[in-house]
Amino acid sequence: MKRSVVTVMMVLLAGIFSKGMAQTDQQPNVILITLDGLRWQELFSGADPLLVTNKNYVGDTTGLKARFWRDTPEERRTILMPFFWNKVKEMGQLHGNRSLGNKVNLTNEMWFSYPGYNEILTGEADDKRITSNRKENNPNKTILERVNNLPAYKGKVAAFGSWDVFPFIINKTRSGVPVNAGFDIVEGNDLTEREVFLNQLQSEIPSPWGSVRLDAFTNHYAMEYMKRKKPKLVFISYGETDDFAHDGEYDAYLKSALNTDGLIEKLWNFTQQDPFYKNNTTFIITTDHGRGTQPLDTWKGHGSSTEGSDEVWIVAFGKGVSAKGEVTEEKQLYTNQVAPTVIKYLGVTLEGPGFKGKTLKLDK
């Protein structure tokens, strides 16, 4: 008799648990993406006329001009980022063209990567404690950690980054969020053939940098994980644009922007072919900081002493985002609005501290 009662209870609990998991699976998904240090100037105007033929920053000026130069900003930006300007423009929104008075700014005063990512991922600047790019665990809880702490979302959050500091920004040890960043390989007993191949290939293709891998690895690791684990909240950070800019290689900076545009298109196409993500996923894309413009060589750098480094942009498309295209109205948005917007579109409620920034009104 007791064994029968226990069996019935286990069946009932399994049914309730399965129902809860099914309901969670039906909730919206969010993919949050960053392109490290990509200037709004290139996003909205394409190749910079002061840089595209500058031999200090371009090896083959004739070839680069033929590939990326066109007569108008609209033509140049479409050549540089065709997915954004041919497809995203038709189905989503692009904010941050300061030439039209449409502005997006950081609220932190550091204007470099760790503070920028902390602001994006927590919804609040922390200029007292986040003051360097050192590999120190973030004392703040990101939305990745907070969502992962929800029982229904445990194990349904994941992060992928090209920069090897992300395990610390996300505080991988405390948060329990799986983070594949830098030169990490993916581990486990259920890897796909492509993941095994990526692990091998990453060790055989040297990166130009000691702390940042090539973005293709980050993108494909993320996609394979999404195919296998179906996370509902995914953070992906591409890093090449920032590092090529720091190196003063404007040609590589532009080519990387074009390549990343294509990687994001592949990611979007995958979500529209996978029943778990199709018509139920919101993409939100931004950057951790801007770059300088004047004097000319300040395009290579950023930080509180470099004017323009706090000028950024936000792009969104997918479920719940109205098709406004390039937003041309005079308006001011801030990066600390990203985190609460992610939570809104994910459809969850978080306990504890709120957000200082208001949600972005992407559905109006």
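A quick note: this is a predicted structure, and the numbers were derived from the prediction, not measured.
- Put simply, the side chain of Thr122 never gets that close to the backbone of Lys141: no donor and acceptor are under 3.5 Å apart.
- Remark: Thr281 OG1 to Phe317 CZ distance equals 10.5 Å, nearest 0.5 Å.
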message: Could you go through Val165 and Ser211, starting from their C-alpha distance and side-chain angles, then the distance that decides it, and tell me whether this counts as side-chain contact (heavy atoms from CB on, under 4.5 Å)?
response: CA-CA 8 Å; Val165 182; Ser211 61; over 6 Å; no
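- Summarising the geometry, atom OG1 belonging to Thr260 is positioned 8.5 Å from atom CG belonging to Leu258; distances are rounded to the nearest 0.5 Å.
- Ring orientation note: the planes of Tyr117 and Trp163 are tilted relative to one another, at an angle of 30° to 60°.
- The residue from Thr287, Thr286, Asp288 that alone fulfils the side chain to side chain contact (heavy atoms under 4.5 Å, CB included) condition with Thr34 is Thr286.
- The aromatic rings of Phe217 and Tyr221 sit tilted, their planes meeting at an angle between 30° and 60°.
- Screening residues 345-364 for ring pair (Phe, Tyr, Trp, His ring centres under 6.0 Å), with sequence neighbours left out, gives no hits.
- A donor and an acceptor atom, one from each side chain of Asn140 and Asn118, are located under 3.5 Å apart.
- Summarising the local packing, NZ of Lys65 is surrounded by 12 or fewer heavy atoms from other residues, nucleotides or ligands at distances under 6.0 Å.
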message: Checking Leu233 against Tyr153 for the side-chain contact (heavy atoms from CB on, under 4.5 Å) test, could you report, in this order, the C-alpha distance in whole Å, the side-chain angles of both residues, the deciding distance, and whether it holds?
response: CA-CA 9 Å; Leu233 173 58; Tyr153 284 82; over 6 Å; no
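- The existence of a salt bridge linking Lys156 and Asp25 is confirmed by a sub-4.0 Å separation between a basic side-chain nitrogen and an acidic carboxylate oxygen.
- Distance check: Asn199 CG to Leu191 CG gives 6.5 Å after rounding to the nearest 0.5 Å.
- Grouping the Ile, Leu, Val, Met, Phe, Trp and Tyr side chains by contacts below 4.5 angstrom, directly or via other members, places Leu106 apart from Tyr334.
- Here the side chains of Thr131 and Tyr114 are not in contact, with every heavy-atom distance at 4.5 Å or above.
- The shortest heavy-atom contact between Ala339 and Ile143 is CB-CG2, 3.8 Å.
- Counting heavy atoms of neighbouring residues, nucleotides and ligands inside a 6.0 Å radius, atom CD of Glu109 does not exceed 12 of them.
- With hydrogens and angles disregarded, a donor-acceptor distance shorter than 3.5 Å links the side chain of Ser309 to the backbone of Gly303.
- Within the 3.5 Å criterion, the main-chain N or O of Glu351 finds a donor-acceptor partner in the side chain of Arg146.
- Ring pair Phe183/Trp209: centre-to-centre distance not below 6.0 Å.
- In the displayed structure, Lys266 atom NZ is contacted under 6.0 Å by at most 12 heavy atoms of other residues, nucleotides or ligands.
- In this structure, Phe83 and Ile264 have side chains that are in contact, with non-hydrogen atoms separated by less than 4.5 Å.
- The two residues Val52 and Ala47 have their closest heavy-atom pair at CG2-CB, 4.0 Å.
- Side chain of Gln202 to backbone of Asp184: a donor-acceptor contact under 3.5 angstrom is found.
- A side-chain donor from one of Ser322 and Gln93 sits under 3.5 Å from a side-chain acceptor of the other.
- The existence of a salt bridge linking Asp251 and Arg67 is excluded, since no basic side-chain nitrogen approaches an acidic carboxylate oxygen closer than 4.0 Å.
- For the residue pair Asn138 / Asn171, no side-chain donor-acceptor distance below 3.5 Å is found, with atom types taken as modelled.
- Contact detail for Ala159 and Leu144: the closest heavy-atom pair is CB-CD1, 4.1 Å.
- Heavy atoms only, all atoms of each residue included: Asp215 and Ser162 are closest at OD1-OG, 2.5 Å.
- Smallest separation of non-hydrogen atoms from Val321 and Gly92: CG1-CA, 4.3 Å.
- Between Phe44 and Trp85, a ring centre-to-centre spacing shorter than 6.0 Å is recorded.
- Between Ile31 and Leu267 the shortest side-chain heavy-atom distance falls below 4.5 Å.
- A 6.0 Å sphere centred on NZ of Lys154 holds more than 12 heavy atoms belonging to other residues, nucleotides or ligands.
- Other residues, nucleotides and ligands contribute only 12 or fewer heavy atoms inside 6.0 Å of the NZ atom of Lys358.
- For Asn279, the side chain to side chain contact (heavy atoms under 4.5 Å, CB included) partners two or more places apart in sequence, or in a different chain, are Gln272.
- In terms of modelled atom types and a separation under 3.5 Å, the side chain of Lys356 and the main chain of Asn336 share no donor-acceptor contact.
- Remark: side-chain polar atoms of Asp261 are not paired, donor with acceptor, to backbone N or O of Leu80 under 3.5 angstrom.
- Here the straight-line distance linking atom CG of Asn219 with atom CD1 of Ile236 works out to 6.0 Å at 0.5 Å rounding.
- Using a 4.5 Å heavy-atom threshold, the side chains of Glu265 and Asn86 count as separate.
- The backbone N or O of Glu240 sits nowhere less than 3.5 Å from a side-chain atom of Asp243 that would complete a donor-acceptor pair.
- A distance of 10.0 Å separates OG1 in Thr271 from NZ in Lys278, rounded to the nearest 0.5 Å.
- Taking the centre of each ring, Tyr57 and Tyr253 stay at or above the 6.0 Å mark.
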task: Tell me, with the steps shown, if Thr53 and Val58 meet side-chain contact (heavy atoms from CB on, under 4.5 Å).
output: CA-CA 7 Å; Thr53 58; Val58 178; over 6 Å; no
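- The environment of CD in Glu307 is sparse: at most 12 heavy-atom neighbours from other residues, nucleotides or ligands sit within 6.0 Å.
- Counting only distance, with no hydrogens or angles, the side chain of Glu119 and the backbone of Thr107 share a donor-acceptor pair below 3.5 Å.
- Follow the hydrophobic side-chain contacts under 4.5 Å out from Ile205 and you reach Met223 in the same cluster.
- The CZ atom of Phe166 sits 4.5 Å away from the CD1 atom of Ile169 when rounded to the nearest 0.5 Å.
- Grouping the Ile, Leu, Val, Met, Phe, Trp and Tyr side chains by contacts below 4.5 angstrom, directly or via other members, places Ile284 with Met91.
- A donor-acceptor pair under 3.5 Å links the side-chain atoms of Thr341 to the main chain of Leu360, judged by distance alone.
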- request: Before giving the answer on side-chain contact (heavy atoms from CB on, under 4.5 Å), spell out for Met110 and His289 the whole-Å C-alpha distance, their side-chain angles and the decisive distance to 0.1 Å.
  value: CA-CA 9 Å; Met110 300 291 109; His289 56 73; over 6 Å; no
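- Counting heavy-atom neighbours within 6.0 Å of Gln332 CD, excluding the residue itself, gives a total above 12.
- Surrounding CZ of Arg70 are more than 12 heavy atoms belonging to other residues, nucleotides or ligands, all under 6.0 Å away.
- Both Ile120 and Val147 are members of a single hydrophobic cluster when ILVMFWY side chains are connected at heavy-atom separations under 4.5 Å.
- The pair Arg291-Asp242 meets the salt-bridge criterion, since a charged nitrogen lies less than 4.0 angstrom from a carboxylate oxygen.
- A donor-acceptor pair under 3.5 Å links the side-chain atoms of Thr78 to the main chain of Glu74, judged by distance alone.
- Ion pair Glu224/Lys227 flagged as a salt bridge, since at least one NZ, NE, NH1 or NH2 atom sits closer than 4.0 Å to an Asp/Glu carboxylate oxygen.
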message: Does Asp190 form a salt bridge (charged side-chain N to carboxylate O under 4.0 Å, His left out) with Lys229? I'd like the steps, not just the answer.
response: CA-CA 10 Å; Asp190 58 344; Lys229 294 290 190 179; 3.6 Å; yes
